There are 2 protein chains.
Amino acid sequence: MHGAMIRRSGVTIEDVAAAVGVSRQTVSRVLNGSPNVKPAVRERIHAAIEALGYVPNLSARRMGGGRSYVVLAINDRVRTLENWQARRGNDYVDQMLFGGMTACEAQGWHLVFELVDTDPAHARRGLANALASLRPDGVILTPPHCDNADLVALLAEHGIPCARIGHREGTSTIDVFMDEVAAAGAATRHLIALGHSRIAFIAGAANYGSSALRIAGYRAALAEAGISDALVGDGDFHFETAERVIAALLAQGDPPTAVIADNDEMAFAALHIASARGLRVPEDLAVVSFEDTPGVRFAVPPLTAIRQPVAEMIASACSSLIALVEGGGAPARHEIPFELICRASTGQDQR
Amino acid sequence: MHGAMIRRSGVTIEDVAAAVGVSRQTVSRVLNGSPNVKPAVRERIHAAIEALGYVPNLSARRMGGGRSYVVLAINDRVRTLENWQARRGNDYVDQMLFGGMTACEAQGWHLVFELVDTDPAHARRGLANALASLRPDGVILTPPHCDNADLVALLAEHGIPCARIGHREGTSTIDVFMDEVAAAGAATRHLIALGHSRIAFIAGAANYGSSALRIAGYRAALAEAGISDALVGDGDFHFETAERVIAALLAQGDPPTAVIADNDEMAFAALHIASARGLRVPEDLAVVSFEDTPGVRFAVPPLTAIRQPVAEMIASACSSLIALVEGGGAPARHEIPFELICRASTGQDQR
DNA sequence: CTCAAAATTGTGATCGTTCACAAACGAGCC
DNA sequence: GGCTCGTTTGTGAACGATCACAATTTTGAG
């Protein structure tokens, strides 16, 4: 068949250029928003792109030396599904995917996830491999990678902008975080306003930055109300440990009438103990949680909780990275507002 | 500095070739597992790759006309986080990410997620755009896209292998599914074995393939035990509706003593009603759920559930796609075994 | 009307890899 | 030893975009 060419793939920039009667570079300029294109030509190129259904090939763009239009989100790798789900609440990733993809897509970018070992020796190598193979334009580090200075340094060496979730000390990075101190304070003050003075805080892990900040906020709110007794229990984010810790607190001479748990799973442990001992919630024991996974609405009773705005945080990280790459400017810090959602476990009626 | 060149990026295949003293093509052969390389040379190349920390650039590979080493997972796009989380249980995506990434990574592949509108007119276009920009080597369609024949056709036109999750009719596609009929049968027989004969099934949605199959399995198990009364309630996967439906069933003259819910959220509704009416679970009302999100272990009491093996399904889909691309062969169907996990809501002790 | 400056458009080189094909090498057979 | 055939290695072209720079057109001031 004379003149027929075998096409390895779909519509290319040359096809658009040929259809309009301009060079590929002019089409490229339109794609990349260069100002120096005659309005009439720009119009015709847009029409041709639409008509032909042209979409730029991401790999080719990357090869051309331009941007990759890819944001890489780094999560910690775990071995089993159980560990993965227990990691940081099982809807953390769900929210990441939603928030991140929605934000990236709105700008014509893509979000790619990669798992990297937390172990420092493997972490650097894992990130380096991901960078080499994907060549992202920006990287998001989630906990606990966000606290790994080595990874931040590696990204700086490569000149790749970095956003950190749940970290607030950065100067060279985009830090996106919520005010953990204020959130714990709000939860504590909510209970104090309801008349409680024996309020326990079940911490997740001493070495987690967020736990320490929350304990500080809790203590500050108590102090502010003139309550001298802080009742901090050492949990590990898991049900069984929390059960023991809460049981021990309740066995004291002057037991708590309210519990703040560092995540939902531990709040469920509080409900479970209350149920087992015939304590009414919230009358005998009020419960507040940090996290607000969808399931807490269906607990018996539904849990009052500080909502962790994960989707918003990731969306903000993506938007900021994109803005940084496309518009220049300097990395900034973004505090995302938290929310205290009052439900039946502290006496409110709503679900 | 004489001879110094400005490097736009990291280690390339040429660097490895130069270090070993061979041509790039020989290194490429080693990377792609070609058999025709002298063992001694292969050895030295592997050593150099290791020493230099070389990782192939994915974009360049794709440009070279080879594979992209990318599996694209298509999910339905929704507008709000609430809808996203309510979609199919909030840990569906969590499991997808874990199962899919783990499987892909093991083969040196990558998993990329993309959101595509469910609306038929936009769906085709959304997928076409994703294909054009990412050029994946394989695509996974999750519900409800898995049932969209138009998308399957589009992939066939492009010659891109396709795996469908939760679909079992495919001939040209890799279909990965669980035996919904048998699972519902197992749940039903479990309750019958515990002495129940008034067993209700709260369906999720009539037009969901899986709901219909589960109802069939439920009815078959009843018939098998000589129980003539099937008590099917029409739910919509949501708490509030399920609450009404279950209340109506309990108001009957001869109310059910057991409820099977089509997802966890509706099972929580059953627990909630029981708690509100002072019915003991499992003594007065036994509850079985389909889904087994992590939270059901912390319900009061913990829920017996059919575990939906989402992570395994996605992992299987990825592995099969990769095998198909790398090894040839024909698409096959994969039935993933389900599991009935017995907990306190049907009388068992474990969590 | 002329000419310089600004705006617009086009051309070759380039990114890092694989493909297609050609060349060199080595073993086995008569 | 010479020849063929299979194994191993190398070379130029290609993929589809962007970059750097050059060429052309348009604009506007004198």
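Values reported hereafter were calculated over all heavy atoms of this structure, with side chains retained and with hydrogens, waters and symmetry mates removed. Not measured: the values here are computed from a predicted model. Below, chain A is the first sequence line, B the second, and so on; all start at residue 1.
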Verify the distance criterion only: is there a donor paired with an acceptor across the side chains of A:R135 and A:S68 at less than 3.5 Å?
-> no
Atom CD1 of B:I13 and atom P of C:dC15: how far apart are they, to the nearest Å?
-> 15 Å
Let me know the distance between CZ of B:R61 and C1' of D:dG16, rounded to the nearest Å.
-> 19 Å
How long is the line joining CG of B:N57 and C1' of D:dA17, in whole Å?
-> 14 Å
Charged N to carboxylate O under 4.0 angstrom, A:E169 versus A:R164?
-> no
To the nearest Å, how far apart are A:R135 CZ and D:dG16 P?
-> 21 Å
Output yes when a side-chain donor or acceptor of B:N57 lies under 3.5 Å from a complementary backbone atom of B:S59, and no otherwise.
-> yes
Using atom CG of A:D15 as one end and atom P of D:dG16 as the other, report the distance to the nearest whole Å.
-> 9 Å
B:S28 side chain N/O closer than 4.0 Å to the phosphate oxygens (OP1, OP2) of C:dT17?
-> no
Those residues at least two apart in sequence (or on a different chain) that pass salt bridge (charged side-chain N to carboxylate O under 4.0 Å, His left out) with B:R333 are none
Salt bridge A:R77-B:E105, side-chain N to carboxylate O under 4.0 Å | yes
Nearest nucleotide by nearest heavy atom, which residue falls closer to the 5' end of DNA chain C, A:P35 or A:A60?
-> A:P35
What is the distance from CZ of B:R67 to C1' of C:dG16, rounded to the nearest Å?
-> 17 Å
Axis deviation across the helix from C:dC1-D:dG30 to C:dC30-D:dG1, five-pair ends, to the nearest 10° = 40°
A:Y54, nearest nucleotide to its side chain (from D:dC15, D:dA17, C:dT17) = D:dA17
Separation of B:L58 atom CG from C:dT18 atom P, in whole Å?
-> 11 Å
Distances under 3.5 Å between nitrogen or oxygen atoms of protein and nucleotides 9-11 of chain D:
residue, atom, partner, partner atom, Å
D:dT9, OP2, B:K38, N, 3.1
D:dT9, O4, B:R29, NH2, 3.2
D:dG10, OP2, B:S23, N, 2.8
D:dG10, OP2, B:S23, OG, 3.2
D:dG10, OP2, B:T26, OG1, 3.0
D:dG10, O6, B:R29, NH2, 2.6

If you look at every heavy atom in A:V112 and B:L111, which pair is closest and at what distance?
-> CG1-O, 4.4 Å
Closest non-hydrogen contact found for A:A132 with B:V55 is CB-CB, 3.7 Å
A:M63 CE to D:dG16 C1', in whole Å, measures 10 Å
Any donor-acceptor N or O pair under 3.5 Å, side chains B:T173, B:D175 | yes
Is any NZ, NE, NH1 or NH2 atom of the basic residue among A:D150 and A:R124 found under 4.0 Å from an Asp or Glu carboxylate oxygen of the other?
-> yes
